[in-house]
Amino acid sequence: MTLPHFAFFADPLYLALLLPLIPWLVWQRRRRKPRLPFPSLGSLLPLSRSRFAWLSRAGIAARFLALAALALALARPQGEEARKPKSSEGLDVVLILDTSRSMEARDFILNGKRPSRLTVVKEVIANFIEARPNDRIGMVVFGTEAFTQAPLTLDHDVLQRFLERVQIGMAGDATAIGDGLVTAVKRLKDIDAKSKIAILLTDGGNTAGRADPMAATAAAKAMGVKVYTIGVGGTEAAEGSGGRAAPQKADFDSDLLKAIADGTGGKFFSAGDTESLVKVYETIDQLEKTKIEVESFEQHDDHYVVYVWVAVFALMGEMAFALTRFRSIPA
């Protein structure tokens with residue numbers, strides 16, 4: 001029988017019953033038992049010692065095991081893993097990320113370094129995801145084309161891994177804002193939720209794609225999707241990869257991004273550095289907070305039954321020894 005692992009005892013005071021067991025065991029080994037008088041044992045000395053003699057103490061050991069197991073059972077050992085079901089109401093959020101070549105610019109500072117814009121954006125978004133455990137969050141990336149990087153999910157660990165795989169140029173080098181928005185709306189249109197939002201981040205204007213951004217905006221409004229738009233980029237010439245000077249600056253189309261946000265009841269933000277980008281996502285986080293009513297409980301698995309059975313088998317073993325080979329006289 002394999003004893004289960006447990007994390008704690010529900011009634012640990014019963015463990016105090018284990019304390020007198022060691023003195024009791026020592027007393028059992030030392031106490032003198034009644035003997036039948038014999039004039040001499042000399043005639044028995046030549047007899048060889050039985051190879052089963054060591055089992056003569058098995059009854060005491062079985063009783064000790066039974067008492068110890070009963071003490072553990074009374075203390076009610078609890079399972080390591082607790083199930084915590086809960087019901088909550090969150091939002092359905094799709095993050096729309098620009099992965100065009102211009103996101104390679106190095107005009108933001110993170111931890112004293114100048115990584116690419118996309119690297120900074122991913123760091124900020126990772127924190128945003130972590131702060132919203134009750135939301136189903138998905139991800140769309142766009143460049144020359146757009147596609148779903150991660151479907152809506154409550155498994156944010158998986159979502160974070162998908163975010164880590166986002167790379168510059170993975171959807172092409174241009175900027176198809178309309179296609180990115182249409183793809184996000186498709187992910188949300190069949191969702192039965194009270195609140196559906198999309199957060200579109202880009203550092204450029206609409207230069208590619210088949211969908212007109214304003215037509216996509218109308219579709220989002222019709223589907224009840226609120227769109228927050230974020231334009232990123234510094235005010236000075238950005239540094240390209242490898243230290244090369246890059247011509248792009250903050251050249252996002254603020255008029256277009258504002259029109260998309262206003263057309264869906266959202267809001268437009270501009271982020272010129274890392275600090276302002278962090279504040280943008282913190283602001284959205286506060287604007288889209290919902291009242292969450294949680295009913296939670298913890299259910300731990302009791303493992304005392306196993307120890308009760310150990311005690312039962314141990315007592316049965318003691319009785320078997322006492323009534324068979326090692327029966328004592330007098331009983």
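Just the heavy atoms: all of them, side chains too, but no hydrogens, waters or symmetry mates, feed the values below.
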Discussion item. Against S102, only a single residue in D203, T175, T202 fulfils side-chain hydrogen bond (donor to acceptor under 3.5 Å, both in side chains); can you say which?
Written reply: D203

Worksheet item: From I96 CD1 over to R187 CZ, what is the distance, rounded to the nearest 0.5 angstrom?
Response: 12.5 Å

Discussion item. Side chains of T264 and V225, heavy atoms from C-beta outward: is any pair under 4.5 Å?
Written reply: no

Worksheet item: Rounded to the nearest 0.5 Å, how far does CG of L118 lie from CZ of R101?
Response: 10.5 Å

Worksheet item: When rounded to the nearest 0.5 angstrom, what distance separates OG1 in T229 from CZ in F252?
Response: 9.5 Å

Fill in: Any V93 side-chain heavy atom under 4.5 Å of I199 side chain
yes

Item to complete: Please check if the side chain of T148 supplies one atom and the backbone of P151 the other of a donor-acceptor pair under 3.5 Å.
Response: no

Practice prompt. Might you point out which heavy atoms bring L159 and A150 nearest each other, and give the distance in Å?
Written response: CD1-CB, 3.7 Å

Fill in: Path from M223 to V94 over hydrophobic side-chain contacts below 4.5 Å
yes

Fill in: Beyond-backbone contact of Q286 with T283, side-chain heavy atoms, under 4.5 angstrom
no

Practice prompt. Quick one: closest heavy-atom pair of G143 and T99, and the distance?
Written response: N-OG1, 4.4 Å

Practice prompt. Report the C-alpha distance between L200 and L257 in whole Å, list the side-chain angles of each, state the deciding distance to 0.1 Å, and finish with yes or no for side chain to side chain contact (heavy atoms under 4.5 Å, CB included).
Written response: CA-CA 9 Å; L200 189 153; L257 296 180; 4.1 Å; yes

Practice prompt. Return yes if a side-chain donor-acceptor contact under 3.5 Å exists between S100 and D98, otherwise no.
Written response: yes

Discussion item. Treating H156 as the side-chain partner and D135 as the backbone partner, does any N or O pair qualify as donor plus acceptor under 3.5 Å?
Written reply: yes

Fill in: Side-chain touch D273/I109, heavy atoms, less than 4.5 angstrom
no

Worksheet item: Does the pair D92/R136 count as a salt bridge with the N-to-O cut at 4.0 Å?
Response: yes

Discussion item. Starting from I137, can I reach I197 by hopping between I/L/V/M/F/W/Y residues whose side chains sit under 4.5 Å apart?
Written reply: yes

Item to complete: Applying side chain to side chain contact (heavy atoms under 4.5 Å, CB included), run through V166 and M139 and close with a yes or a no.
Response: CA-CA 10 Å; V166 172; M139 192 184 311; 3.8 Å; yes

Worksheet item: Would you call V280 and V232 a side-chain contact if the rule is heavy atoms closer than 4.5 Å?
Response: no

Practice prompt. To the nearest 0.5 angstrom, please state how far the CG atom of L95 sits from the CD atom of Q149.
Written response: 11.5 Å

Discussion item. Check for me, please, whether V182 and F147 land in the same ILVMFWY cluster - side-chain distances under 4.5 Å, paths through other members count.
Written reply: no

Worksheet entry | Considering all heavy atoms, the nearest A259-T217 contact | O-CG2, 4.3 Å

Discussion item. Tell me whether K267 contacts the main-chain N or O of L287 through its side chain, where contact means a donor paired with an acceptor under 3.5 Å.
Written reply: no

Worksheet item: Between CG of D262 and NZ of K221, what distance do you get to the nearest 0.5 Å?
Response: 10.5 Å

Discussion item. For M103 and L201: C-alpha separation, side-chain torsions, deciding distance, then whether side chain to side chain contact (heavy atoms under 4.5 Å, CB included) applies.
Written reply: CA-CA 11 Å; M103 290 293 287; L201 181 144; 3.9 Å; yes

Discussion item. Ignoring hydrogens, what is the shortest heavy-atom contact between G178 and N206? Give both atom names and the distance.
Written reply: N-OD1, 3.3 Å

Discussion item. Under a 4.0 Å threshold between the charged nitrogen and the carboxylate oxygen, would R210 count as salt-bridged to D179?
Written reply: no

Fill in: Y281: which of Y228, F269, F128 passes ring pair (Phe, Tyr, Trp, His ring centres under 6.0 Å)
F128

Fill in: Minimal non-hydrogen separation, G205 against D253, with atom names
CA-CB, 4.1 Å

Fill in: Hydrophobic cluster membership, L91 vs L154, 4.5 Å side-chain cutoff
no

Worksheet item: What residues, two or more places apart in sequence or in another chain, satisfy side-chain contact (heavy atoms from CB on, under 4.5 Å) together with A126?
Response: Q160, L163

Worksheet item: Is E288 paired with R132 through a side-chain N to carboxylate O contact shorter than 4.0 Å?
Response: no

Worksheet item: Which atom names give the shortest non-hydrogen contact between F268 and S254, and what distance separates them?
Response: CZ-CB, 3.9 Å

Fill in: L256 side chain reached by M214 side chain, heavy atoms, under 4.5 Å
yes

Practice prompt. Determine, stepwise, if the pair V158 / T153 fulfils side chain to side chain contact (heavy atoms under 4.5 Å, CB included).
Written response: CA-CA 8 Å; V158 171; T153 180; 5.6 Å; no

Worksheet entry | Heavy-atom side-chain proximity of L188 to L152 below 4.5 angstrom | yes

Fill in: In one Ile/Leu/Val/Met/Phe/Trp/Tyr side-chain cluster, 4.5 Å: V278, L97
yes

Discussion item. Within the 4.5 Å heavy-atom criterion, are F142 and I177 side-chain neighbours or not?
Written reply: yes

Fill in: Point-to-point distance, once rounded to the nearest 0.5 Å, from CG of D285 to CD1 of I129
12.0 Å

